[in-house]
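Start at 1 and go down the list; that is how both ligands and their atoms are numbered. Predicted, not measured: the structure shown is a model, and the values here were computed from it. The analysis underlying the following values was restricted to heavy atoms, covering all of them including side chains, and did not include hydrogens, waters or symmetry mates. Counting from 1, the numbers follow the sequence of the chain as shown.
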Amino acid sequence: MKKLVSIVIPAYNEADNIFVIAESIKKVFATLSYNYEIILVDDGSADHTLEKIKEYAATAENVFFLEFSKNFGHQLAVKAGMDHAFGDCVISMDCDMQHPPELIPEMIAKWEAGYEVVYTIREEDKNLSKGKRSSSSLFYKVLNWLSDIDLEPGAADFRLLDQRVVNVFRNFHENEPFLRGLVKWLGFKQYAIKYNPAARFSGQSKYTLKKMLRLALHGVTSFSIKPLYTAVYLGFILSFASVLYVPYIIYAFVNHVEVSGWASVIMTIVFFGGLQLIILGIIGIYVGKMFMQAKNRPNYIIRSTNIKQ
Ligand code: UDP
Ligand code: MG
């Protein structure tokens with residue numbers, strides 16, 4: 001019996017990419033002695049993505065789709081695909097051809113060599129805008145500094161997971177999973193492959209600055225409570241610093257020094273006002289997470305699928 005490899009592809013407004021990615025995967029597997037299935041997850045697209053997926057699925061019996069009831073985001077789309085995959089291993093990759101399908105044979109080879117997690121590291125990409133590159137490297141620096149996991153810069157959501165790892169993931173019910181971090185946290189035998197990302201085949205990046213910022217904040221707060229501690233330390237440092245001010249107050253009182261400069265007072269108020277808001281916000285994020293998780297809602301909702309359970 002040939003082993004089955006599942007390929008999970010999240011798609012959000014990727015109508016023009018569906019056919020291209022599915023065909024290039026087909027080409028790669030023509031050279032391999034593995035069976036494969038493709039699971040395309042339509043993450044509430046507003047264009048013709050779903051029609052294109054259905055059109056393609058009608059021509060091949062190993063192509064499946066999951067249609068979300070709305071946009072739940074990239075991470076949950078990948079999670080949903082993994083939850084529904086039957087393969088001996090599951091590969092997740094983007095829809096836009098930035099993750100080269102030609103890397104799949106190497107990933108499978110490493111898996112056969114005994115690694116349960118084969119993830120990929122993006123090499124510095126000259127096609128990407130400078131803003132995107134520096135924001136991505138900043139993202140990892142901040143993330144690693146603030147959280148207790150150690151992610152390599154350039155880690156992408158292009159990875160192979162053994163069935164065992166996927167089964168562990170099925171029991172995760174985080175309503176905003178941060179897969180890159182979770183995979184690292186899980187352990188198992190992991191192997192990293194470096195690759196050169198290609199340019200996006202069609203369409204634009206769906207990760208707006210807002211979405212990236214959200215992912216970054218989320219990455220940090222879902223892996224550690226270090227920001228809470230940082231807030232406490234900052235509080236201590238500032239309280240201590242304010243005590244240093246006491247000798248001056250006594251000096252001013254004794255020598256009847258004129259009180260002057262309201263600007264510095266206003267600045268101090270604004271500074272501490274801002275600081276308090278930031279710290280309240282940090283606490284708020286954690287409380288918000290507990291609130292969302294406590295409701296225990298399903299993490300994603302599937303509107304339709306051609307997968308038979
Ligand atoms: N994506 C998704 N839901 C979203 C945003 C993105 O399913 O809300 C998918 C998108 O279709 C693509 C992958 O996630 O397959 C990565 O998105 P994108 O290429 O826009 O991100 P970038 O490569 O620019 O980081
Ligand atoms: Mg992309």
Using a 4.0 Å heavy-atom threshold (strictly under), name the region of [X] that reaches ligand 1: side chain, backbone, both or neither.
X: D43; result: side chain
X: D157; result: neither
X: E14; result: side chain

Which ligand 1 atoms, with their elements, are less than 4.0 angstrom from a heavy-atom of G73?
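Result: 3 (N), 8 (O).
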Could you tell me, atom by atom, which parts of ligand 1 come under 4.0 Å of a heavy atom of Q98?
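So the answer, numbered in order with elements, is 19 (O), 23 (O).
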Just checking [X]: does its [atom1] atom have more than 12 heavy atoms from other residues, nucleotides or ligands closer to it than 6.0 angstrom?
X: K26; atom1: NZ; result: no
X: F19; atom1: CZ; result: no
X: H48; atom1: NE2; result: no

Hey, does the Lys NZ or Arg CZ of K70 hover above the aromatic six-ring of F72, less than 6.0 Å from the centre and inside 45° of the axis?
yes
Within 45 degrees of the ring normal and closer than 6.0 Å to the centroid, is that where the cationic atom of K110 sits relative to Y191?
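Yes, a cation-pi geometry.
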Under 3.5 Å between any N/O of [X] and any N/O of ligand 1: does that happen in this structure?
X: A77; value: no
X: P10; value: yes
X: D96; value: yes

Are K3 and E112 ion-paired here, with the side-chain N under 4.0 Å from a carboxylate O?
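Looking at K3 and E112, the cut-off is met.
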Residues E123, K194: salt bridge by 4.0 Å N-O rule:
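Salt bridge flag = no for K194 with E123.
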Give me the number of protein N, O or S atoms whose distance to the Mg ion (ligand 2) is under 2.8 Å.
2
Is there a side-chain contact between Y300 and L66, using heavy atoms and a 4.5 Å cut-off?
no
Classify the ring geometry of W111 against Y34: parallel below 30°, tilted from 30° to 60°, perpendicular beyond 60°.
tilted
Considering only residues two or more places apart or on different chains, which pairs with a residue in residues 171-188 satisfy side chain to side chain donor-acceptor pair (under 3.5 Å)?
Y119-K184, Y140-R180, E152-K184, D157-R180, E176-R214
